[in-house]
Structures are given as structure tokens and as C-alpha cells.
Amino acid sequence: MIEARHLRVLRAVAATGSFSAAARELGCTQPAVSQQMKALEASAGTPLLIRTGREMRLTQAGEALVRHAAGILAGLTAAEEEVAAIAGLRAGRVRLVSFPSGSSTLVPGALAALRAAHPGTRVSLEEAEPPRSVEMLREGDCDVALAFRYAGAAAEEWADLVVRPLLADRLVGLVPEDHRLAKASSVTIGELADESWIAGCPRCRRQLVEVCESAGFVPRIDFATDDYPAVVGLVGAGLGVAVLPELAIESVRPKGARAVTVEPAVSREIVALTLPDLAQVPAVAATLDHLARAAAR
């Protein structure tokens, strides 16, 4: 195998015409230059220099190797500089996937702070709900996934991933502003048993049914949509009630609707996920840090 350090020595010998002059240029000893040239010729499997007295001449193989060495060493230098830039957060790319309410609340502040601290780091954003977002991470389609799970989820669900806890996102009731419970300081889920329900994303919908069943009733879901603004709009129009995460309500102006505290408290865990190897990448680690800071505000 031809090593870069040997190529640098060969170029120095070719440029200066002797081992001693090459050693002075490289800041090493003449025997060291001689040893590295012998190692290079052994790797190449053919003589590279013709020694005639004090003069050195390149063989045809030596001339070919010197000709290619310039491009090889230049490419290696460029690669080293690019890697150093990425390691030093002067460059880098992070592919982030987030669920919609996270995209409109946590992500903007986190990415603005990341850009201010590390302007050379670029972040792309795509939206997907878990479990699809987690699948994208495992399949290599993103570097960080902003995701959530409700109490009772299997502990091993993310066992192979690095999990960065961000916050507990409490579920909040949403009722029309002229609803009988609109001015209540808090309501129990059972007080909404006879209402028409508007449900959100599939995972949130499943959680809603479980919460209601634990209160002794099955919700009558008349409308279901993955679009949180649509849920708020339907409630605001008086078509039903809903239970949404606080982040979802924070991301939408609830026109015509009133948020009420639901007891007992139910929360979903918001986390940032990545793969163990990716967690060591400086740009990914910085993204996780800024997401955590945004969640703490």
C-alpha cells in the first residue's frame, strides 16, 4: 500500500535531486528519507529512482508516481481540511425530521440559535409523525428525529437509539368558547363523555380512546384529522371537543375555542432521537443541545 507520507518524500527527492536536500526540506534526517524511499519502492514493486553517484534520476515508474502524487496529496489535503471543518462545526449538515407541532414550536428557536452559533452548519427539515420518523432515522434517511410517546409505550421501543428527553407535553382539553365547561378551571375527561369528539393523528387518536376508556366510556369520534389547525377550527365552529397536546395548541391560534385543563393529567414525552454513532458527530450533538435548550425555555 502506497502511503501519503512516502509520496511527500518522493516529491521532495524529485524536486531537490538528492536525499540530503530532501531531508533538509522535510526537516528530517537523510537515513529517514532513504528508509521511506525503500519502503515506497517495496510497495510499488519496482525501482523509482536511479542513483548515479550523488545524482538521483526518476525511473519511468517514478515519473508516473510523481505525476499522480500532486493530485493525490492535494485531494488528501482538501479532505483533511473538510473533515476538520466539520469536526470544528465550521461546516456540516444535519437532516432533521419532526412532527408538525414540534416543527412550529421547538424547531424554529433551536435552529435559529444553532445557525447563530455555527453558521457553517446546515440543517434540513422534513415532517413525519412517529413511528414513521423513527423508521426514517433507522433507515438512514435522517440524522435526528423529534418524536413523542405516551405513557405505557414499550420501554424497548427506542432501546437501540440515543434518547435525549426534551419535555413532558401535557394534554389539554379544547371546547367551543360558548361550551358549558369553557370557563371551568379544570375538567375531568368523564365530564366530556357525551360530547362529539374530534381526534388528531393516529397515535394521538389511540391515546384519546385509551384515556376515555379508562374513564369508563368510549368517545364518539365524528371527525378525525392529522391537521391540528383543522382540529382547532372544527372545535371553534362548535362541532365537537378535543384533547390536544399543549405544543399543538401553542402552534395554532385557537379562534372560537377555549383550552381547559384536563384531570387527571396525561402527558406525552417529547424527545430527540439519533443513532449512537451519529451522536458523536459534532453537528448532530450541537443540534440535540439546541433542541434541549429550546424545550427548556
Side-chain angles (χ1 to χ4, degrees), residues 88-90 92-130 133-134 136-137 142-151 153 157-158 161-174 185-186 200-201 203-204 207 226-229 231-232 235 242-255 257-275 278-297:
L89 287 174
R90 300 191 306 276
R93 181 197 67 174
V94 178
R95 298 167 299 164
L96 172 65
V97 63
S98 171
F99 54 94
S101 59
S103 299
S104 59
T105 54
L106 297 177
V107 170
L111 297 194
L114 178 64
R115 176 176 290 182
H118 309 292
T121 299
R122 296 182 296 107
V123 181
S124 62
L125 174 64
E126 186 174 345
E127 287 192 341
E129 297 275 0
S133 56
V134 182
M136 291 174 67
L137 178 62
C142 69
D143 305 307
V144 176
L146 197 62
F148 62 85
R149 64 180 171 186
Y150 289 98
E157 181 182 13
W158 298 332
L161 304 175
V162 173
V163 181
R164 185 72 172 267
L166 299 181
L167 59 88
D169 188 22
R170 180 167 174 159
L171 297 186
V172 177
L174 201 63
S185 58
S186 67
C201 72
R203 182 168 278 202
C204 297
Q207 179 66 17
D226 292 350
D227 184 31
Y228 285 134
V231 173
V232 173
V235 173
V243 172
L244 293 178
E246 283 185 317
L247 281 184
I249 295 175
E250 182 182 334
S251 65
V252 180
R253 180 177 297 176
K255 186 177 179 180
R258 184 71 59 88
V260 294
T261 302
V262 174
E263 299 292 351
V266 178
S267 298
R268 61 179 184 173
E269 181 187 12
I270 308 297
V271 301
L273 304 171
T274 192
L275 297 170
L278 285 173
Q280 308 304 313
V281 176
V284 171
T287 301
L288 295 177
D289 288 342
H290 283 287
L291 284 169
R293 288 174 193 149
R297 290 181 183 142

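Positions are given from 1 along the sequence.
Annotation: the span from Phe99 atom CZ to Asp226 atom CG amounts to 14.0 Å, rounded to 0.5 Å. One finds the CZ atom of Phe148 at 10.5 Å from the CG atom of Leu247 (value rounded to the nearest 0.5 Å). The CD1 atom of Ile270 sits 11.0 Å away from the CZ atom of Arg149 when rounded to the nearest 0.5 Å. Separation of atoms CG (Leu137) and CG (Leu275) is listed at 4.5 Å; rounding is to 0.5 Å.
In this structure the side chain of Leu166 reaches within 4.5 angstrom of the side chain of Leu146, judged on heavy atoms. Between Val262 and Leu171, every side-chain heavy-atom pair lies at or beyond the 4.5 Å cut-off. The side-chain heavy atoms of Trp158 and Leu273, taken from C-beta on, include a pair separated by under 4.5 Å. Taking 4.5 Å as the limit, every side-chain heavy atom of Val281 sits out of range of all side-chain heavy atoms of Asp143.
The shortest non-hydrogen separation linking Val231 to Ala242 is CG1-CB, 3.7 Å. In terms of heavy-atom proximity, Leu288 sits nearest to Ala272 at CD2-CB, 3.7 Å. When all heavy atoms of Ala259 and Ile249 are compared, the pair lying nearest together is CB-CD1, 4.4 Å. Between Ala279 and Ala285, the closest heavy-atom pair is O-CB, 3.8 Å. Considering every non-hydrogen atom in both Cys142 and Ser133, the closest pair reads SG-O, 4.3 Å. For Ala286 against Leu114, the heavy-atom pair with the smallest separation is CB-CD1, 3.8 Å.
Applying the side chain to side chain contact (heavy atoms under 4.5 Å, CB included) rule to Ala248 yields the partners Ser101, Tyr228, Leu244, Pro245; only residues at least two apart in sequence or on another chain are considered. Ser124 is linked by a side chain to side chain contact (heavy atoms under 4.5 Å, CB included) to Arg95, counting only residues two or more places apart in sequence or in another chain.
No more than 12 heavy atoms of other residues, nucleotides or ligands lie within 6.0 Å of CZ in Arg115, so this atom counts as exposed by the packing criterion.
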Kindly indicate, with the supporting measurements, whether the criterion side-chain contact (heavy atoms from CB on, under 4.5 Å) is fulfilled by Asp169 and Leu167. CA-CA 6 Å; Asp169 188 22; Leu167 59 88; 3.8 Å; yes

Should Thr105 and Glu250 be marked as a side chain to side chain donor-acceptor pair (under 3.5 Å) after you check the CA-CA gap, both sets of side-chain angles, and the distance that decides it? CA-CA 7 Å; Thr105 54; Glu250 182 182 334; 5.4 Å; no

side-chain contact (heavy atoms from CB on, under 4.5 Å) between Val134 and Glu157: does it pass, once the steps are laid out? CA-CA 10 Å; Val134 182; Glu157 181 182 13; 6.0 Å; no

Criterion side-chain contact (heavy atoms from CB on, under 4.5 Å) on Arg164 and Thr274, from CA distance to verdict: CA-CA 8 Å; Arg164 185 72 172 267; Thr274 192; over 6 Å; no

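If you check the side chains of Ser103 and Glu127, you find a donor sitting under 3.5 Å from an acceptor.
Under the salt bridge (charged side-chain N to carboxylate O under 4.0 Å, His left out) rule, Arg170 has a single partner from Glu269, Glu263, Glu246, which is Glu263.
A salt bridge does not link Glu129 with Arg268: none of the charged nitrogens is closer than 4.0 Å to a carboxylate oxygen.
Identified under the ring pair (Phe, Tyr, Trp, His ring centres under 6.0 Å) test for residues 104-130, with sequence neighbours left out: none.
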